[in-house]
> 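One structure follows; several queries about it will come next.
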Amino acid sequence: MGAKWIKLSVLYLVFGIGVGLFMSLTLKLNWGSAHAHVNLVGFATTAIFGIIYSIYPSASKNSLGKVHFWLHHLGVPVFLLSVFLVQVPGMLDTAHILTYLGGGAFGLGVIVFIINALKNIDESSVMKNGK
């Protein structure tokens with residue numbers, strides 16, 4: 001499942017670069033926080049989870065790994081939408097609701113990941129020679 005995480009992280013990278021280019025071309029620098037969140041929460045965090053699950057594939061295949069996958073990939077897009085909506089006049093209340101929903105799912109996913117890592121990642125579970 002690590003490869004799925006990495007492929008999804010690439011989508012966030014493309015979107016994050018697109019937001020950065022938009023900001024540069026239009027000088028709408030007020031989107032800087034959203035741009036940073038797309039690149040860090042979307043791309044970097046997702047890619048790091050993908051790398052970890054690639055190195056320790058058994059951790060991604062158990063129920064905790066699957067729950068983490070869905071909490072992350074349902075929560076992060078909702079959270080990222082909220083960081084854009086805070087910049088839109090009249091959308092602050094909606095943005096806060098989405099922040100709590102998406103950020104909550106993302107945060108819960110991180111807690112599930114921590115439990116999974118502590119229970120299922122050790123030297124015996126590391127991928128060896130591509131297997």
Side-chain angles (χ1 to χ4, degrees):
M1 190 178 295
K4 286 182 185 176
W5 283 86
I6 293 169
K7 287 177 181 181
L8 288 166
S9 77
V10 171
L11 297 176
Y12 290 115
L13 176 63
V14 170
F15 183 61
I17 290 172
V19 172
L21 290 171
F22 167 80
M23 289 172 43
S24 180
L25 291 170
T26 63
L27 297 177
K28 301 252 184 216
L29 303 180
N30 57 312
W31 299 100
S33 176
H35 168 64
H37 279 86
V38 169
N39 286 311
L40 292 174
V41 174
F43 170 65
T45 303
T46 305
I48 290 168
F49 286 140
I51 292 166
I52 292 168
Y53 285 134
S54 293
I55 295 170
Y56 300 96
S58 62
S60 72
K61 294 175 184 169
N62 64 43
S63 60
L64 290 171
K66 291 174 184 172
V67 168
H68 177 219
F69 179 88
W70 286 108
L71 285 170
H72 183 90
H73 294 294
L74 293 174
V76 168
V78 173
F79 170 71
L80 293 177
L81 176 60
S82 77
V83 299
F84 283 94
L85 287 179
V86 297
Q87 294 294 325
V88 178
M91 295 300 292
L92 190 57
D93 291 340
T94 302
H96 282 151
I97 292 168
L98 295 177
T99 298
Y100 296 132
L101 292 174
F106 171 66
L108 185 58
V110 169
I111 292 168
V112 170
F113 170 75
I114 291 167
I115 294 167
N116 191 15
L118 294 175
K119 285 181 67 175
N120 297 304
I121 293 179
D122 57 35
E123 292 302 320
S124 67
S125 65
V126 69
M127 181 178 58
K128 294 181 176 49
N129 299 325
K131 299 176 185 175

> How would you list, by chain and number, every residue that makes a side-chain contact (heavy atoms from CB on, under 4.5 Å) with L92, sequence neighbours excluded?
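side-chain contact (heavy atoms from CB on, under 4.5 Å) list for L92, sorted by chain: V86, H96.
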> The criterion is ring pair (Phe, Tyr, Trp, His ring centres under 6.0 Å); which residues satisfy it with Y12, sequence neighbours excluded?
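Testing Y12 for ring pair (Phe, Tyr, Trp, His ring centres under 6.0 Å), a comparison that skips the adjacent residues, returns none.
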> Who else is in the cluster with L25 when I, L, V, M, F, W and Y are joined by side-chain contacts under 4.5 Å?
none
> Excluding sequence neighbours, so at least two apart, what forms side-chain contact (heavy atoms from CB on, under 4.5 Å) with L21?
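Scan of L21 (side-chain contact (heavy atoms from CB on, under 4.5 Å), adjacent residues dropped) gives I17.
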> With sequence neighbours excluded, give me every side-chain hydrogen bond (donor to acceptor under 3.5 Å, both in side chains) pair touching residues 15-29.
none
> Indicate if L118 and L108 have the same hydrophobic cluster label, given that clusters are the connected sets of ILVMFWY residues with side-chain heavy-atom separations under 4.5 angstrom.
no
> Sequence neighbours excluded, which residues qualify as side-chain contact (heavy atoms from CB on, under 4.5 Å) partners of A117?
F113, I121
> With sequence neighbours excluded, tell me which residues meet ring pair (Phe, Tyr, Trp, His ring centres under 6.0 Å) with Y56.
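Testing Y56 for ring pair (Phe, Tyr, Trp, His ring centres under 6.0 Å), a comparison that skips the adjacent residues, returns none.
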> Can you give each donor-acceptor pair under 3.5 Å made by side-chain atoms of residues 4-11, sequence neighbours left out, with the distance rounded to 0.1 Å?
from, atom 1, to, atom 2, distance (Å)
S9, OG, I6, O, 2.6

> What heavy-atom pair brings G103 and F79 nearest, and what distance separates the two atoms?
N-CB, 3.7 Å
> Going by the side-chain hydrogen bond (donor to acceptor under 3.5 Å, both in side chains) test, which pairs reach into residues 73-94, not counting sequence neighbours?
N30-Q87, S82-T99
> Check side-chain contact (heavy atoms from CB on, under 4.5 Å) between N120 and all other residues, then give those that pass, not counting sequence neighbours.
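Residues passing side-chain contact (heavy atoms from CB on, under 4.5 Å) with N120: A59, N62, L64, N116.
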> Side-chain polar contacts of residues 38-46 - donor-acceptor pairs under 3.5 angstrom, sequence neighbours left out - could you list them?
from, atom 1, to, atom 2, distance (Å)
N39, ND2, H35, O, 3.1
N39, ND2, H35, ND1, 3.4
T45, OG1, L40, O, 2.8
T46, OG1, G42, O, 2.5
T46, OG1, H72, NE2, 2.8

